[in-house]
Amino acid sequence: MREVRVRFAPSPTGALHIGGVRTALYNFLLARQLKGTMILRIEDTDQNRYVPGAEEYILQSLAWVGIKIDEGVGVGGPYAPYRQSERKPIYMQYAQQLIDSGNAYYAFDTEDELEVMRERLKTAGVALPQYNSITRMQMRNSLTLLEEEVKQLLEAKTPYVVRLKVPRKEEVRLNDMIRGWVMVHSSQIDDKVLMKSDGMPTYHLANVVDDYLMKISHVIRGEEWLPSAPLHVLLYKYLGWEKEMPQFAHLPLLLKPTGDGKLSKRDADQMGFPIFPIDWIDPNTKEKAIGFREAGYLPEALINFLAFLGWNPGTQQEIFSLDELINAFSVERIGKAGTKFDIHKAQWFNQQYLRAKSDEALAEYLLDSLSKENISCTKEKAAKIASIMRERITFPKDLWEHGKFFFHAPTTFDENVASKRWNDDAVKVLNAYKIELPTLATFDAPTAKATLEKVTSELGIGTGKILQALRLSITGAGAGPDLMMVMEIIGKDEVMKRIEYALKTLNVKVA
RNA sequence: GGUCUGUUCGUCUAGGGGUUAGGACACCAGAUUUUCAUUCUGGUAACACGGGUUCGAUUCCCGUACAGACUACCA
């Protein structure tokens with residue numbers, strides 16, 4: 001059986017889109033499952049669109065989500081270089097081969113001449129003017145010009161492109177692993193430019209040549225490539241590489257959460273979720289886009305979420321580690337239809353992965369946040385906080401954001417709760433409780449509770465009636481984790497201080 | 001406009017000629033939690049439409065509608 005070699009081949013034209021990460025993931029899963037090789041190739045044949053830093057960004061993003069590159073940019077390998085701009089000399093020789101075999105030709109038409117041709121055809125009623133088997137005979141190319149003229153133009157260094165000579169009548173067939181047989185008539189394909197006038201190949205040529213040279217066995221890419229796949233098939237055929245042609249799998253697109261259309265950065269911005277794996281600062285606009293990493297998504301959760309966008313194992317299991325994904329993955333189970341991007345599901349996966357962590361691991365997240373705030377805290381205390389906060393967080397940063405009261409006494413109180421729960425009974429109980437606390441030798445959740453119950457029963461007031469008021473004075477809010485545990489963690493002295501402060505500031509308001 | 005691809009609950013999807021069309025997320029309700037969250041239980045909710053083929057179609061075929069992609073010397 002053929003050795004499995006797959007590639008992820010992004011262009012460094014900006015940040016890596018989350019859809020690109022999924023494409024990389026599917027490639028990676030297949031490679032790992034079939035003991036193959038995962039290759040990273042950078043398709044930077046368009047110098048105009050090159051964005052500095054994009055390549056580094058791609059590398060970092062893949063590393064963060066755990067997609068390991070076996071060969072290619074950043075790691076090297078037997079088919080180096082893996083950056084197409086560095087492979088420039090390779091492509092012309094294959095273009096030449098196509099010209100020599102009569103499957104491609106030189107075209108000297110200028111932008112203006114092309115424009116004139118399109119206009120002329122449009123007025124003649126052709127909806128979509130193309131450079132094709134019919135129109136090429138009216139243009140300036142090596143098919144219409146005399147051999148001598150062509151030679152002179154080339155020697156005079158006249159700018160030219162190399163175009164594929166697409167046959168007029170031919171059924172081009174392609175067996176896609178996801179979509180089955182796809183047939184396109186060659187009359188629908190135009191004479192695509194293979195080599196640009198700057199000497200760089202276009203995607204089509206570079207892609208086919210490199211996939212062949214790098215012995216790629218499977219091309220897994222986005223559905224946007226499906227329309228040009230027949231063209232690639234033609235290229236393999238004319239280059240004499242039909243037997244080596246990789247298997248194709250065209251992935252369904254990622255769609256925007258509401259409405260229709262493919263997922264764009266705009267949608268993500270509007271709905272307030274990331275679309276890039278890690279933070280990206282646009283070098284031109286200096287605009288910063290928050291990444292999934294910085295937003296608090298765990299890489300393993302993101303991967304699990306992404307894997308399920310368009311694929312499923314056919315079982316009820318939903319939580320999959322990377323190793324489990326590698327085992328369960330199969331191209332056959334990839335869906336055909338476009339997939340709407342639902343950030344809720346991503347959050348749910350994140351929660352699941354976060355909860356599976358130990359208190360100690362969660363404590364590290366909290367400690368991270370605290371160090372940014374210059375707050376010191378022992379590991380033990382952080383772990384204790386983590387243990388009572390673990391069921392109520394979606395992101396690691398929630399530990400701090402929802403638990404600030406562990407470190408800062410409230411300065412304001414939720415007015416809604418205060419107006420409903422802060423009453424004479426509450427004040428009576430809190431005053432008595434405050435007096436009772438100093439007599440306690442030890443202070444923990446059980447004693448805090450027992451003492452409170454003792455006070456309330458002596459006063460003949462139901463504990464439940466005033467618990468909200470107590471919570472309000474300790475945390476400033478009406479909702480939160482187990483109050484007795486909270487008090488244990490912040491300690492007796494702090495509890496007393498907070499009750500006193502609340503009594504002082506809230507009494508005035510309610511009176 | 002043309003070509004290609006697609007269409008099962010709001011979303012991700014399972015399924016497949018005869019099923020109470022299954023699960024998950026989200027949503028709603030109840031229970032637990034004297035709060036909130038969690039957890040548990042339950043609920044709402046789908047085969048785009050029209051023709052065939054068939055005893056029978058959501059499933060197969062053909063149309064239609066809708067959607068998306070592509071239609072550059074961008075990838």
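Note that this is a predicted model, so its numbers are computed, not measured. Chain identifiers are assigned alphabetically (A, B, ...) following the order of the sequence lines, protein sequences preceding nucleic acid strands; residue numbering begins at 1 within each chain.
- As the counterpart of B:rU58, no nucleotide is assigned, since no Watson-Crick or G-U wobble pattern has both distances under 3.5 Å.
- Applying the 4.0 Å criterion to OP1 and OP2 of B:rC73, one finds that A:Arg163 has a side-chain N or O inside that range.
- Across the interface with RNA chain B, nearest-nucleotide mapping of A:Asn48 and A:Thr463 shows A:Thr463 to be the residue nearer the 5′ end.
- For the P atoms, the distance linking B:rA29 with B:rU44 amounts to 15 Å, nearest Å.
- The side chain of A:Lys262 lies closest to B:rA69 when the candidates are B:rC25, B:rC74, B:rA69.
- Straight-line distance from the CG atom of A:Asp109 to the C1' atom of B:rA72: 15 Å, rounded to whole Å.
- When heavy atoms are screened at a 4.0 angstrom cut-off, A:Leu467 is found touching base atoms of the nucleic acid.
- Counting any heavy atom pair closer than 4.0 Å across all strands shown, A:Arg221 reaches no nucleic acid atom.
- Around the NZ atom of A:Lys465, the shell of radius 6.0 Å holds no more than 12 heavy atoms that belong to other residues, nucleotides or ligands.
- Distance check on atom P: B:rG52 versus B:rG43 gives 38 Å, rounded to whole Å.
- Of all nucleotides present, only B:rU71 satisfies the Watson-Crick or G-U wobble test against B:rG1, with each distance under 3.5 Å.
- Counting only residues at least two apart or on different chains, the salt bridge (Lys or Arg N to Asp or Glu O under 4.0 Å) pairs with a member in residues 471-488 of chain A are A:Lys384-A:Glu488.
- When rounded to the nearest whole Å, the span between OH of A:Tyr160 and P of B:rC73 equals 16 Å.
- Nearest-nucleotide assignment on RNA chain B puts the 5′-proximal partner with A:Gln468, out of A:Gln468 and A:Pro159.
- Within the 4.5 Å cutoff, the side chain of A:Phe395 has heavy atoms near those of the A:Asp398 side chain.
- Atom CZ in A:Arg140 sits roughly 15 Å away from atom C1' in B:rC73 (whole-Å rounding).
- Nucleotides B:rU41 and B:rU32 place their C1' atoms 11 Å apart, quoted to the nearest Å.
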At a cut-off of 3.5 Å, list every protein nitrogen or oxygen paired with a nitrogen or oxygen from nucleotides 3-12 of chain B, distance to 0.1 Å.
{"unit_1": "B:rU5", "atom_1": "O2'", "unit_2": "A:Arg179", "atom_2": "NH1", "d": "2.7"}
{"unit_1": "B:rU5", "atom_1": "O2'", "unit_2": "A:Glu223", "atom_2": "OE2", "d": "2.9"}
{"unit_1": "B:rC12", "atom_1": "OP1", "unit_2": "A:Lys340", "atom_2": "N", "d": "2.9"}
{"unit_1": "B:rC12", "atom_1": "O2'", "unit_2": "A:Phe308", "atom_2": "O", "d": "3.3"}

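- One atom, CD of A:Glu55, and another, C1' of B:rA75, lie 15 Å apart when rounded to the nearest Å.
- For A:Tyr91, there are no ring-ring contact (aromatic ring centres under 6.0 Å, His included) partners, not counting sequence neighbours.
- Every pair passing salt bridge (Lys or Arg N to Asp or Glu O under 4.0 Å) that includes a residue from residues 453-464 of chain A is listed here, sequence neighbours excluded: A:Glu436-A:Lys454.
- A:Leu121 has its CG atom 18 Å from the P atom of B:rG2, to the nearest Å.
- For B:rA37 and B:rA31, the C1' atoms lie 16 Å apart once the distance is rounded to whole Å.
- At B:rU13, none of the side-chain N or O atoms of A:Asn312 fall inside 4.0 Å of OP1 or OP2 (strictly under the cut-off).
- In this structure, A:Gly478 reaches the bases: a heavy-atom distance under 4.0 Å links it to at least one base atom across the strands shown.
- Residue A:Asp191 is out of contact with every strand shown, counting any heavy-atom pair closer than 4.0 Å.
- Using Watson-Crick or G-U wobble geometry with both donor-acceptor distances under 3.5 Å, B:rA31 finds its partner in B:rU39.
- Residue A:Gln347 is classed as having no contact, given no heavy-atom separation below 4.0 Å to the nucleic acid.
- B:rG16 makes up no base pair with any nucleotide shown, lacking Watson-Crick or G-U wobble contacts both under 3.5 Å.
- Of all nucleotides listed (B:rA75, B:rG68, B:rU71), B:rA75 comes nearest to the side chain of A:Lys196.
- If you check B:rA26, B:rA69, B:rU38 against the side chain of A:His344, the one that comes closest is B:rA26.
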*Between A:Ser11 and A:Glu43, does a side-chain hydrogen bond (donor to acceptor under 3.5 Å, both in side chains) hold up when you go through it step by step?*
CA-CA 5 Å; A:Ser11 320; A:Glu43 310 223 329; 5.8 Å; no
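- Every residue was checked against the ring-ring contact (aromatic ring centres under 6.0 Å, His included) condition with A:Tyr131, not counting sequence neighbours, and none meets it.
- In this entry B:rA46 has no Watson-Crick or G-U wobble partner, no candidate having both defining distances under 3.5 Å.
- A salt bridge does not link A:Asp267 with A:Lys265: every distance from a Lys NZ or Arg NE/NH1/NH2 to an Asp or Glu carboxylate oxygen is 4.0 Å or more.
- Rounded to an integer number of Å, the gap from A:Asp482 CG to B:rU39 C1' is 15 Å.
- The separation of B:rC12 from B:rC55, taken at their P atoms, amounts to 37 Å, rounded to a whole angstrom.
- The residue A:Ser197 sits close to a base: some heavy atom pair falls under 4.0 Å.
- If you check every strand for non-hydrogen atoms under 4.0 Å, A:Pro481 touches a base.
- Counting non-hydrogen atoms under 4.0 angstrom, A:Arg421 reaches nothing in the nucleic acid.
- A distance of about 26 Å separates the P atoms of B:rG1 and B:rU11, rounded to the whole Å.
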Between side-chain atoms of residues 160-171 of chain A and protein atoms elsewhere (two or more places apart, or another chain), which donor-acceptor pairs fall under 3.5 Å?
{"unit_1": "A:Arg163", "atom_1": "NH1", "unit_2": "A:Asp191", "atom_2": "O", "d": "2.8"}
{"unit_1": "A:Glu170", "atom_1": "OE2", "unit_2": "A:Lys237", "atom_2": "NZ", "d": "2.7"}

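- B:rG51 and B:rG15 have their C1' atoms separated by 25 Å, given to the nearest Å.
- A straight line from CZ of A:Phe305 to C1' of B:rU13 spans 13 Å, rounded to a whole angstrom.
- A salt bridge between A:Glu224 and A:Lys262 is absent, with no side-chain N of the basic residue lying under 4.0 Å from a carboxylate O of the acidic one.
- With distances taken from any side-chain atom of A:Leu128 to the nucleotides B:rC73, B:rU38, B:rU71, the minimum falls on B:rU71.
- Pairing partner, B:rU7: B:rA65, with both Watson-Crick or wobble hydrogen-bond distances short of 3.5 Å.
- Atom CD in A:Glu391 sits about 13 Å away from atom P in B:rA37, given to the nearest Å.
- Taking the P atom of each, B:rC47 and B:rA21 are spaced 12 Å apart, rounded to whole Å.
- For A:Arg49, no side-chain nitrogen or oxygen approaches OP1 or OP2 of B:rC73 to under 4.0 Å.
- Using a 4.0 Å heavy-atom cutoff across all strands shown, A:Val161 reaches at least one base atom of the nucleic acid.
- Less than 6.0 angstrom separates the ring centroid of A:Phe273 from the ring centroid of A:Phe341.
- At a cut-off of 3.5 angstrom, counting only N and O atoms as typed in the model, there is no donor on one side facing an acceptor on the other between the side-chain of A:Thr202 and the base of B:rC73.
- Closest contact between the side chain of A:Lys192 and the listed nucleotides B:rU38, B:rC73, B:rU71 involves B:rU71.
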